[in-house]
Amino acid sequence: MVLPYLIYVRTCPSCGDGLCRVRVCTHENKLAGCVVCDECESVWTDPTMTEKFTEGVDSYTASCPDCGRSLWDDTSHWADIQEVCLLGWYDKVKVART
Amino acid sequence: MTRRSPQNPKVIAGALKLLPARWAIAILVAAIAYVLLQPKLNQWFGWNLPSAAAMLGQETPAASKSSPSQKANQPPISKPASSNSPSPGKSDDVASNKTSASKPSNPERSPQKSSQSDGKDSTTTKSSSSAQPGSTAKTGSTANSSSNHGSTEPEDLKLRFLKPVGKDRYESPSGLIYAPGSEEGHRLKHIERHLADQPNRPGSHGVFDGDMQAFLAAIDDGYKRARGHAKGTKQREEEGMTVFEAPFDKPIGYLGGSEGARKGKPKLKRLRIVVRDKNLITAFPIQ
């Protein structure tokens, strides 16, 4: 589903061009959130972006810090505003209309 | 190709009888090695060694193809890729590869891009019209081959510039691997995002001023130079990934996104390439 807005934390400190966006994994009906650069696919565990997550399926695939599955699987998607609120991250993100 | 007379096998057999067994085995091994390596050598070094079938005169002129006819249709892209000189001047060729004709017909374009293709096409048309005289023929031949042979098909593109190295995995001449992955499903699709502007995107968005073939060639050229620590290039390690940067003599794109729009879309002359091992993650022009 394409959202009419884009939720992001900041420009990626690793690649400099991507946006660090909130991605949620709903594997086993559990809502797990993380921050992913939509360009270089670096993953951080939360919007403070202090802890980078580099494990998972393999080193070439952005993976969920919670379950380790690929963040491009059907069980993951970019978070909507409701999900960002559920994660308690709303005050840490910016919302841009697309 | 010279066709051998029917008596030739007998003559060869007679000659073999005269040869010591050791020599006969050595010749046989060399022949097998040639048959196995000939296509690879042609591919790797751009040589034009004849195939065994062609040497025995068993290949029809149409099949013995590739050399003249195919080369004529090949886009100029293969040149910078196969050439070993890592001069930044190659960006000239890259810039001249822009063909507006080849762009719209790419079915792999991601949906979010399609709505923005108009702006990109106008840029492309502008730049191809400003191509230098020397590059006009190249551009023309690319356009012709595109229209006559459907060479803008993603499959064609992959097979022409990239070597298949596994299921949906491709290797560039400089050794970069384009594999499945990313939100778009494949790295090739992912980097296509940088062929068009996303004016509503927050922050910056590097846009490559050319088509996919030229982009692949520029990435390969930049990667090769940066890996070789050529002048002006940069390389840094970032927890599991390597970020390369390579300068180009001429602008290769412009700054898009909302920041680009605010700054008046300045031209960009550097390319940033992010890889994990040899797997390309992304690449885009930067300031």
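Per chain, numbering begins at 1; letters A, B, ... match sequence-line order.
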### Message
Has A:Asp17 got a side-chain atom pairing as donor or acceptor with B:Gly206's backbone, closer than 3.5 angstrom?
### Response
yes
### Query
Do B:His190 side-chain atoms and A:Glu39 backbone N/O form a donor-acceptor pair below 3.5 Å?
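Present.
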### Task
Go through the steps to decide whether B:Arg276 and A:Glu41 satisfy the test salt bridge (charged side-chain N to carboxylate O under 4.0 Å, His left out), and finish with yes or no.
CA-CA 11 Å; B:Arg276 289 203 170 96; A:Glu41 298 175 20; 5.0 Å; no
### Task
Taking the side chain as every heavy atom from C-beta outward, state whether B:Met241 and A:Ser42 have any pair of such atoms under 4.5 Å apart.
yes
Report the distance from atom [atom1] of [X] to atom [atom2] of [Y], rounding to the nearest 0.5 Å.
X        : Y       : atom1 : atom2 : result
B:Ser182 : A:Leu71 : OG    : CG    : 12.5 Å
B:His205 : A:Leu19 : NE2   : CG    : 10.0 Å
B:Glu239 : A:Phe53 : CD    : CZ    : 12.0 Å

Shortest non-hydrogen contact between [X] and [Y], atoms and distance:
X       : Y        : result
A:Tyr60 : B:Ile281 : O-CD1, 4.4 Å
A:Thr98 : B:Asn200 : C-ND2, 3.9 Å
A:Cys40 : B:Val274 : CB-CG1, 4.2 Å

### Message
Quick one, A:Trp72 with B:Glu184, criterion side-chain hydrogen bond (donor to acceptor under 3.5 Å, both in side chains). Give me CA distance, side-chain angles, the key distance, then yes/no.
### Response
CA-CA 9 Å; A:Trp72 312 123; B:Glu184 292 79 7; over 6 Å; no
Side chain, backbone, both or neither: which part of [X] has an atom under 4.5 Å from a heavy atom of chain B?
X       : answer
A:Ser70 : neither
A:Arg10 : neither
A:Ser14 : both

### Query
Any chance CZ of B:Arg236 has more than 12 other-residue heavy atoms, nucleotides or ligands included, within less than 6.0 Å?
yes
### Task
Flag yes if more than 12 heavy atoms outside A:Asp91 fall under 6.0 Å of its CG atom; otherwise flag no.
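Enclosed.
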### Task
Please flag which part of B:Ser258 lies under 4.5 Å from any non-hydrogen atom of chain A: side chain, backbone, both or neither.
neither
### Task
With a 4.5 Å cut-off on heavy-atom pairs, point out which of B:Gly240, B:Gly257, B:Pro202, B:Pro180 contacts chain A the most.
B:Pro202
